[in-house]
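To start, the structure under review is shown below, and the notes come after it.
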Amino acid sequence: MTSGANAKRRLTILGSTGSIGTNTLDVIDQLGGRDRFEIAALTGNGNIDLLAAQAKAVGAELAVTADEGQYENLKSALSGTNIEVAAGRSGLIEAADRDAGWVMAAIVGTAGLAPTLAAARRGADIALANKECLVSAGDLFVSAVAKGGGRLIPVDSEHSAIFQALEDDQRHAVERIVLTASGGPFRTWTREQMAGVTAEIARAHPNWSMGLKISIGSASMFNKALEMIEAKHLFDARPEQIEVVVHPQSIIHSMVGYSDGSVLAQLGCPDMRTAIGYALTYPTRTKLNVDRLDFARIARLDFEAPDEVRFPALRLARTAMRRGGLQGAIMNAAEEIAFHAFVAGRIGFLDMADIAETVMERMTDITPALSMDDVYAADDEARIRAAQAVSATEKAA
Ligand code: NDP
């Protein structure tokens, strides 16, 4: 880092080419860009043109593609620049290990776990968008951050809202954490209607513009299921303290209920840049060019109880939280396999939850995770079992 009063903050973005990654670069640009920040590393996977364009635009030191097969393409896209290039899992770790004080963790899926953990261990502040770090490795991840000495700042809009509504010296008075859910595109649909939907239909979220996995996860409410487990670890909550309420307008991003009956909420337009900006400038707030709420135009805010029969993912999250141990890792890995099979057209929309449940019921061991090897072993086994369940579902169809 440049020394002195005008020191620039050094940042790394893991997953810069995704929806959160591009929004993060937009926020960085709004807050002064290269005048205020140095980008240590950017990472992507398949979108090499965008990764190279981003790296050039911000003058990144290092650009990494997770896909080793794309190394030469990235190298040639960045030829003639001073930007270093790396690829594969080791490249992601190299990016995470660069001395940036703030790291945006926005790789989708379990692939984000190892690099985010590496950044946490060396003491970087982690702006956490990737849910899998907490869902799969909750206690280990939280303790890695604590040992490293950095801060863990949630970026998921719900968890950012809770983080903002939590009064640090009043934690003892927290009764409940209320996660809001838009209900997704199938909020009012029957199971029969949902049975035949394609990924193209399922990805059309009514309020938020997001990556493919989280969009489909919003439609099945698996995303909310992951968020429940995420909240448990982030806020050290008991499972019974975590509630979900469907709020179709996505204006209230989540709430904290206290023992005096007060409920504190954070509201805003559905735009991830608010949560990203907060994570970047925490504990201060800064001016962002995002839409402001117009309450008269919104006119009303609606709430509904979630339906765990039509959306069984929520029930599975409660099972995973109640059982503890490696159940989060198992649920998450099985869901990831089922998600890919759904997107590939191999299984139906409703099969995703059935497959996750089948795998969870076959792996009921609730031994606590003592090391990341335990997490990876449970993850591997759950993926194998989920792949078997996908094949069985295909054959039965
Ligand atoms: P996207 O799919 O838009 O982007 C994912 C990023 O991860 C891209 O940079 C992608 O690279 C990269 N990537 C994909 N596969 C791999 C891999 N195997 N190894 C390393 N990198 C990989 O996702 P989002 O930005 O929507 O979401 C990112 C994370 O943030 C997710 O965990 C999501 O749940 C969470 N989140 C997202 C929100 C949103 O509004 N989008 C809100 C809250 C949380 P490339 O594009 O080059 O292939």
Side-chain angles (χ1 to χ4, degrees), residues 12-27 41-55 63-70 73-74 77 86-96 104-116 118 126-136 153-163 179-182 184 199 203 205 207-218 220 222-227 229-231 234 250 253-254 268-276 278-279 332 335-336 339-340 343:
T12 279
I13 305 171
L14 304 171
S16 66
T17 50
S19 164
I20 292 286
T22 48
N23 274 311
T24 304
L25 284 168
D26 181 86
V27 168
L42 298 179
T43 82
N45 187 43
N47 198 342
I48 300 302
D49 291 346
L50 179 58
L51 178 60
Q54 290 176 336
V64 177
T65 166
D67 181 352
E68 282 178 350
Q70 296 276 12
N73 290 341
L74 183 59
R89 289 168 65 101
S90 60
L92 293 178
I93 301 294
E94 191 183 338
M104 167 56 76
I107 291 174
V108 63
T110 311
L113 190 50
T116 309
I126 306 292
L128 190 68
N130 172 286
K131 297 164 206 279
E132 291 74 10
C133 292
L134 288 170
V135 173
S136 298
I153 313 165
V155 169
D156 220 341
S157 61
E158 292 79 357
H159 304 81
S160 173
I162 295 161
F163 189 70
L179 291 165
T180 53
S182 70
R203 72 174 302 175
H205 195 278
N207 304 332
W208 297 91
S209 160
M210 308 181 287
L212 179 64
K213 180 160 194 293
I214 185 170
S215 298
I216 305 261
S218 297
S220 63
F222 245 108
N223 181 50
K224 206 52 55 184
L226 300 181
E227 287 176 8
I229 304 175
E230 201 183 351
L234 263 175
S250 299
H253 295 149
S254 278
C269 293
D271 186 329
M272 286 308 296
R273 291 175 300 179
T274 298
I276 293 167
Y278 188 71
N332 172 66
E335 192 266 335
E336 236 175 86
F339 156 76
H340 288 297
V343 171

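The basis for the numbers below is simple: all heavy atoms, side chains too, and nothing from hydrogens, waters or symmetry mates. Start at 1 and go down the list; that is how both ligands and their atoms are numbered.
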message = Return the closest protein heavy atom for atom 4 (O) of ligand 1 as residue, atom name and distance.
response = Gly18 CA, 3.1 Å

query = Rounded to the nearest 0.5 Å, what separation is found between the CD atom of Gln70 and the CD1 atom of Ile48?
reply = 4.0 Å

message = Can a side-chain donor-acceptor contact be found between Asn47 and Thr17 if the only test is distance below 3.5 angstrom?
response = no

inquiry  = Under 4.0 Å from a heavy atom of Gly44: which atoms of ligand 1 are those, numbered in the order shown and with their elements?
reply    = 11 (O), 47 (O)

Between Ser136 and Asn332, a side-chain donor and acceptor under 3.5 Å = yes

task = Output the distance between atom CD (Glu94) and atom CZ (Arg89), rounded to the nearest 0.5 Å.
result = 15.0 Å

request  = Give the minimum heavy-atom separation between Ser215 and Met210, together with the two atoms involved.
outcome  = OG-O, 3.4 Å

message = Tell me whether Ile20 has any N or O atom under 3.5 angstrom from an N or O of ligand 1.
response = yes

ask   = Counting only N and O atoms by type, is there a donor-acceptor contact under 3.5 Å from the side chain of Asn23 to the main-chain atoms of Arg273?
value = no

query = Sub-3.5 Å donor-acceptor pair from the side chain of Glu335 to the main-chain atoms of Phe222, do we have one?
reply = no

key: ligand 1 atoms in contact with Glu132 (distance to a heavy atom under 4.0 Å)   = 32 (O)

task = Report yes or no: does Lys213 have a heavy atom closer than 4.0 Å to ligand 1?
result = no

query = Nearest to atom 22 (C) of ligand 1, what protein heavy atom do you find, and at what distance?
reply = Asn45 CB, 3.6 Å

query = Can you check whether Ser160's main-chain N or O pairs, donor with acceptor, with His253's side chain at less than 3.5 Å?
reply = no

key: ligand 1-proximal atoms of Lys131, by part, heavy-atom distance under 4.0 Å   = both

message = Would Gly46 count as being in polar contact with ligand 1, using the rule that some N or O on each side must be under 3.5 angstrom apart?
response = yes

key: atom 21 (N) of ligand 1 - nearest protein heavy atom and its distance   = Ile107 CG2, 3.4 Å

message = If the cut-off is 4.0 Å to any non-hydrogen atom of Ala129, which atoms of ligand 1 fall inside it?
response = 30 (O), 35 (C), 36 (N), 44 (C)

task = Record the part of Ala111 in heavy-atom contact with ligand 1 below 4.0 Å; permitted values are side chain, backbone, both and neither.
result = side chain

note = Quick look: Ile214 vs ligand 1, heavy-atom contacts under 4.0 Å, and the answer is side chain

query = Can you tell me which residue and heavy atom of the protein come closest to atom 7 (O) of ligand 1, and the distance to 0.1 Å?
reply = Val108 N, 3.3 Å

request  = Look up atom CE in Met104 and atom OG1 in Thr12, then write down how far apart they are to the nearest 0.5 Å.
outcome  = 11.5 Å

query = Nearest protein heavy-atom contact for atom 43 (C) of ligand 1: which residue, which atom, what distance?
reply = Asp156 OD1, 2.8 Å

task = Could you find the nearest protein heavy atom to atom 19 (N) of ligand 1 and give me its residue, atom name and distance?
result = Ala66 CB, 3.3 Å

query = Short N/O distance, under 3.5 Å, between Asn47 and ligand 1?
reply = yes

Within-cut-off N or O pair, Ser157 and ligand 1, under 3.5 Å = no

Proximity winner for atom 26 (O) of ligand 1, if only heavy atoms of Ser209, Ser218, Gly211 are counted = Gly211

Heteroatom distance test (Ser19, ligand 1): nitrogen or oxygen, under 3.5 angstrom = yes

request  = Give the residue and atom name of whichever protein heavy atom lies nearest to atom 6 (C) of ligand 1, and the separation in Å to one decimal.
outcome  = Ala106 O, 3.6 Å

key: Side chain Gln54, main chain Ser16, donor-acceptor under 3.5 Å   = yes

key: Side-chain (Thr65) to main-chain (Asn45) donor-acceptor, under 3.5 angstrom   = yes

key: Nearest protein heavy atom with distance in Å, relative to atom 10 (C) of ligand 1   = Thr17 OG1, 3.9 Å

ask   = Between Glu158 and Lys131, is there a side-chain N and carboxylate O pair less than 4.0 Å apart?
value = no

ask   = If only atom types and distance count, is the side chain of Lys224 paired as donor or acceptor with the main-chain N or O of Thr180 below 3.5 Å?
value = yes

